[in-house]
Amino acid sequence: MTNDGNREFTDHDEALARAEAGVAALAAERNDRWYPRFHIASPGGWINDPIGPCRFKDRWHVFYQLHPYGTQWGSMHWGHVSSDDMVSWRREPIALAPSLEAERDGVFAGSAVVGDDGRMWLFYTGHRWANGVDDADGNFEVQCAAVSDDGVHFRKLGVVIDNIDRFPDFRDPKVWKQDGLWYMVFGMSTRDRRGQVLLYVSEDMRIWHFDRILYRHPNPSVYMLECPDFFPLKDKEGNESWVLSFSAMGERPNGFANRNHHNAGYVIGSWEPGEAFTPRTEFRMWDWGHNFYAPQSMPAPDGRRLQYGWMSAFVPPIPNQGDGWCGQLTVPRQIRLDSYGCIRSNPADELEGLRESTVTFAPFTLGINETRTIVEDGGAVEIEMEIDINHSTAEFGGLKVHSTSDNAHTCVYYDAQTHRILIDRHSNARGDRGYRAAPFTSNSLKLRVFIDSASVEVFVNDGEQAMTSYSFPSEGPQAVEISAESGTLDIPFLRVHHLRPIGL
Ligand code: FRU
């Protein structure tokens, strides 16, 4: 397979030029009503997973799965942006297009690292339909590599891990270096459709050896673990844990959890090179909103672990598909272990650099069923807010975002009966509806809420939980209101930041 797989069926540079033209044609017709101001998106076309976030030659790089010829998932390419501060971004040329037989139907997700030679290496999945036409007979997938001196133009090295047994799903390599050796994890589905993560090892990044099955999902309904990520985190005392992140296909809804089409989460455990991974937790969700999938992380030079996710669009209606573009990444998050050994996900510190102007409100109490407008016409805002639950009697209350004159809005609400934070889209005029509800433990409630043209991200109590959902507003001014239902709401702290665009 390898020789055949490495044969070019088209010239890579020409394939890249065609893809650029495809994106430009869609971008020229784009309707900007829901185009994000401070989230990474493609100027035209469809995007999904963030891939290969890394730092190379003093710049941050983020790639993403891109379909340049339409606003639905299709022939996958690698789109690319870069930044020196994670606040202002620059578009880079499309990095990879399908050109080898092994990737005829798509250059799928993967990762980027700086190699021993100082170059940027991309590892990704070459994808073909098993029957050459569609997914009726499944996939045929292998792991491939490409290198770059400048981090912008890539030369393909071809297949590095073959799929000799033709497992039906075999994709999404994540590579890192540890104690002098290179490691790779990727997801696979066994013949009896169980989701597993495989671990490979290499001395030179070119020749890879199977090490072990790192993880087999205990739930027989979970048939594939997409986009695995595997990295260490230390708590304040310096105790190290290993986090195995994956995007589970086939996980069933369980109360408030796993309610999305596919669900991204992690297990925490311990691991040493050459040893088995021993999980110590159950599966936990990265995010409780409607639209979060396929997160990937990178180490920052200052020791932080930074992560991007895809605001997934699995459930119709997806109203921006008629606008020439579809799909955006989340804001970058920094993730850490707290003193209970639990993960905290917070917006990356760099995002404070987006704040353009700030309004701080004096403490106030909303009366029974009272609503106040705190932003007349939202645009791009971050809201920091505290609700004093002990001094509030409201059954339900918080923010109404994207609130328009037709009474459409999305609620970011505290629900006293379930003691949960809700993103509730039952009053949305456009897009998928429904609500999601995240748990939180304490009696105080601190929220950081990021509102962009068509999305809302909520960080609860210093990152105890996170929630990400699309919210497609109606036309006209889009207010942010604060509202109390069936009782009062005590707001000791409220601050609104207007955010500047990221330059894309
Ligand atoms: C996750 C995923 C990956 C795959 C890519 C294809 O959303 O299905 O497993 O590599 O998207 O676009």
Side-chain angles (χ1 to χ4, degrees), residues 19 41-42 45-53 62-80 94-98 102-112 122-130 134-135 138-146 159 161 163 167-175 184-189 193 195-198 217 222-230 245-251 260-266 286-287 290-297 307-315 318 326-330 468:
S42 175
W46 157 283
I47 77 166
N48 49 285
D49 320 355
I51 35 184
V62 174
F63 302 83
Y64 48 82
Q65 287 279 273
L66 165 70
H67 179 213
Y69 304 115
T71 57
Q72 58 304 103
W73 189 87
S75 167
M76 281 291 122
H77 292 57
W78 277 44
H80 185 192
I94 296 170
L96 295 177
E103 44 179 50
R104 188 175 261 282
D105 298 315
V107 288
F108 271 19
S111 54
L122 306 184
F123 290 90
Y124 62 97
T125 295
H127 169 86
R128 292 197 250 186
W129 299 124
D134 58 24
D135 66 354
N139 314 305
F140 181 19
E141 299 178 327
V142 295
Q143 314 320 331
C144 302
V159 177
I161 297 181
N163 182 357
F167 288 111
D169 295 272
F170 195 76
R171 61 177 175 270
D172 306 339
K174 170 76 183 210
V175 171
M184 177 194 290
V185 283
F186 59 87
M188 73 162 297
S189 186
R193 300 305 267 160
Q196 295 188 155
V197 174
L198 302 185
H217 200 286
V222 174
Y223 59 90
M224 174 61 185
L225 304 178
E226 296 191 297
C227 304
D229 195 358
F230 192 47
S245 164
F246 50 82
S247 292
M249 303 175 91
E251 188 72 84
N260 296 338
H261 184 60
H262 300 313
N263 295 278
Y266 58 87
W286 280 116
D287 187 287
H290 299 80
N291 307 101
F292 184 89
Y293 198 63
Q296 277 295 311
S297 75
Q307 182 195 56
Y308 278 93
W310 166 44
M311 290 194 200
S312 48
F314 288 123
V315 183
I318 306 170
C326 186
Q328 65 194 55
L329 305 187
T330 63
T468 302

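Just so you know, ligand 1 is whichever comes first in the structure, and atom 1 is the first atom listed for that ligand.
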- Considering distance alone, does some N or O of E226 sit under 3.5 Å from an N or O of ligand 1?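 Yes, there is a polar N/O contact under 3.5 Å.
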- Task: Before signing off on this row, confirm whether R171 and ligand 1 have an N or O atom pair separated by under 3.5 Å.
- Result: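 Between R171 and ligand 1, an N or O pair is found under 3.5 Å apart.
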Write out the residue and atom name of the closest protein heavy atom to [atom], then the distance separating them to 0.1 Å.
atom                    : answer
atom 3 (C) of ligand 1  : D172 OD2, 3.3 Å
atom 12 (O) of ligand 1 : Q65 OE1, 2.7 Å
atom 11 (O) of ligand 1 : D49 OD2, 3.1 Å

Working to the nearest 0.5 angstrom, can you tell me the gap between [X] [atom1] and [Y] [atom2]?
X    : Y    : atom1 : atom2 : value
F167 : R193 : CZ    : CZ    : 12.0 Å
Y64  : I51  : OH    : CD1   : 10.0 Å
E226 : Y293 : CD    : OH    : 3.5 Å
F314 : H290 : CZ    : NE2   : 14.0 Å
D49  : D172 : CG    : CG    : 6.5 Å

- Applying side chain to side chain contact (heavy atoms under 4.5 Å, CB included), run through Y69 and H77 and close with a yes or a no. CA-CA 10 Å; Y69 304 115; H77 292 57; 4.2 Å; yes
Considering the heavy atoms of [X], write down every atom of ligand 1 situated less than 4.0 Å from one of them.
X    : value
A109 : 10 (O)
F108 : 4 (C), 6 (C), 10 (O)
Y293 : 1 (C), 7 (O)
M76  : 12 (O)

- Close approach, T125 and ligand 1, non-hydrogen under 4.0 angstrom: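 Heavy atoms of T125 never come under 4.0 Å of ligand 1.
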- Determine, step by step, whether R171 and D169 satisfy the salt bridge (charged side-chain N to carboxylate O under 4.0 Å, His left out) criterion, reporting the C-alpha distance in whole Å, the side-chain angles of both residues, the deciding distance to 0.1 Å, and the verdict. CA-CA 6 Å; R171 61 177 175 270; D169 295 272; 2.7 Å; yes
